[in-house]
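Lettering of chains follows the sequences in order, A, B, ..., and the numbering in each one begins at 1.
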2 protein chains.
Amino acid sequence: MVKTTNPAAVAERLHAGAIRLLRRVRVADSEAALSAPKLSALSVLVFAGPMSLKALAAAEQVKPPTMSKLVADLEAEALAVKTVDRADKRAVTIAATAKGRTLMEEGRKRRLALLTKSLRTLSARELQTLAAAAELMLALE
Amino acid sequence: MVKTTNPAAVAERLHAGAIRLLRRVRVADSEAALSAPKLSALSVLVFAGPMSLKALAAAEQVKPPTMSKLVADLEAEALAVKTVDRADKRAVTIAATAKGRTLMEEGRKRRLALLTKSLRTLSARELQTLAAAAELMLALE
DNA sequence: ACTATTAGTTAGTCAAACTAACTATATGAT
DNA sequence: ATCATATAGTTAGTTTGACTAACTAATAGT
């Protein structure tokens, strides 16, 4: 095995690998009941809990007007609820509903099912390498 | 270290890691002269060589009309050229120009610069793990 | 108390995706 | 050989999700 520890070379391969991986996963997204940006926002609400529109927009790296529309759509489908903050009446707290949690979980499972299937063909050692790499990617500053 | 060889668990972490990584990289994209879909199409032309619109659309997983517009824009900026196929006059062959190759290369470098910088903080062993993982991701069927 | 700031929404624009429908060319079946 | 069918690409029109600018409502800071 070639020991590739040149950061630029690793960056290139890792970038290409991440693109390839997500492209594969995205194929399953077409069946989803919800678009990718909405599913993503919903998953933030589920995992990080209720938060303001501003915080949700920041978490998803979009501007408030963009998130305002996404949340309005989620609310129209009863997947999230908006409540006026008692302490600050300008602000709203957005939370996933039980229906939202369920739908998000299903979407996530469907997306991951294809990837899981691919991973089953790998050895335990290869899976360990990927697991370790995933943690490194998540920890990148 | 926990030995995570459960494919579903690895899939979940790897998916999250890939999203995180690409999101970081995308920040640098705002400075790019070309949008992500155009840069991506251009890179396919550079790396895989000239091809028909249909093939390019398939490679990018979009429908022909979508690619038709992207290519028209690339052509308007002299980053790609379209020539009618001699054997089949319905078909066109799309190729990157020298200008296109240069621009694509610059865009890629800019995108990877940030990632490379992050990777520099990692140990040689960690880089090897990521390099190995990248190859596994690229090889996934 | 008045000004400035902040949270969110509304209006309007743009890029990129789609489908449907079109033109032009190629293929194939009788 | 001709006519029907299929294929390559484009054009037209729609939708979604992103943006900025400008607005309302509420809070915070002199």
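Using a 4.5 Å heavy-atom threshold, the side chains of B:V10 and A:L115 count as separate. B:E60 places a side-chain heavy atom less than 4.5 Å from the side chain of B:S40. Side chains of B:L53 and B:S68 form a contact here, defined as non-hydrogen atoms less than 4.5 Å apart. Residues A:L74 and A:I94 form no side-chain contact, since every pair of their non-hydrogen atoms from C-beta on lies 4.5 Å or further apart.
Rounded to whole angstrom, the span from the CE atom of B:M51 across to the C1' atom of D:dA8 amounts to 16 Å. Regarding B:L56, its CG atom lies at a distance of 14 Å from the C1' atom of D:dA8, rounded to whole Å. One can place CG of A:L74 at 13 Å from P of D:dT16, the figure rounded to the nearest angstrom. Atom P of nucleotide D:dT27 and atom NZ of A:K89 are separated by 6 Å, given to the nearest angstrom.
The residue A:A41 sits apart from the nucleic acid: no heavy atom pair falls under 4.0 Å. The residue A:P37 sits close only to the backbone: its heavy atoms come under 4.0 Å of sugar-phosphate atoms, none of a base.
Looking at which nucleotide of DNA chain D each of A:K63 and A:D85 is closest to, the 5′-most match is held by A:K63. DNA chain D is contacted by both A:K69 and B:M67; B:M67 maps to the nucleotide lying nearer its 5′ end (nearest heavy atom per residue).
With A:M137 as the fixed residue, the side-chain contact (heavy atoms from CB on, under 4.5 Å) test singles out one of B:L130, B:I19, B:L22: B:L130.
Side-chain proximity of A:T66 to D:dC19, D:dA26, D:dA8: nearest is D:dC19.
Nucleotides of DNA chain C lying under 4.0 Å from heavy atoms of chain A occupy a range whose first and last members, 5' to 3', are C:dT6 to C:dT10.
For the pair B:T129 (side chain) and B:R125 (backbone), a donor-acceptor distance under 3.5 Å is present.
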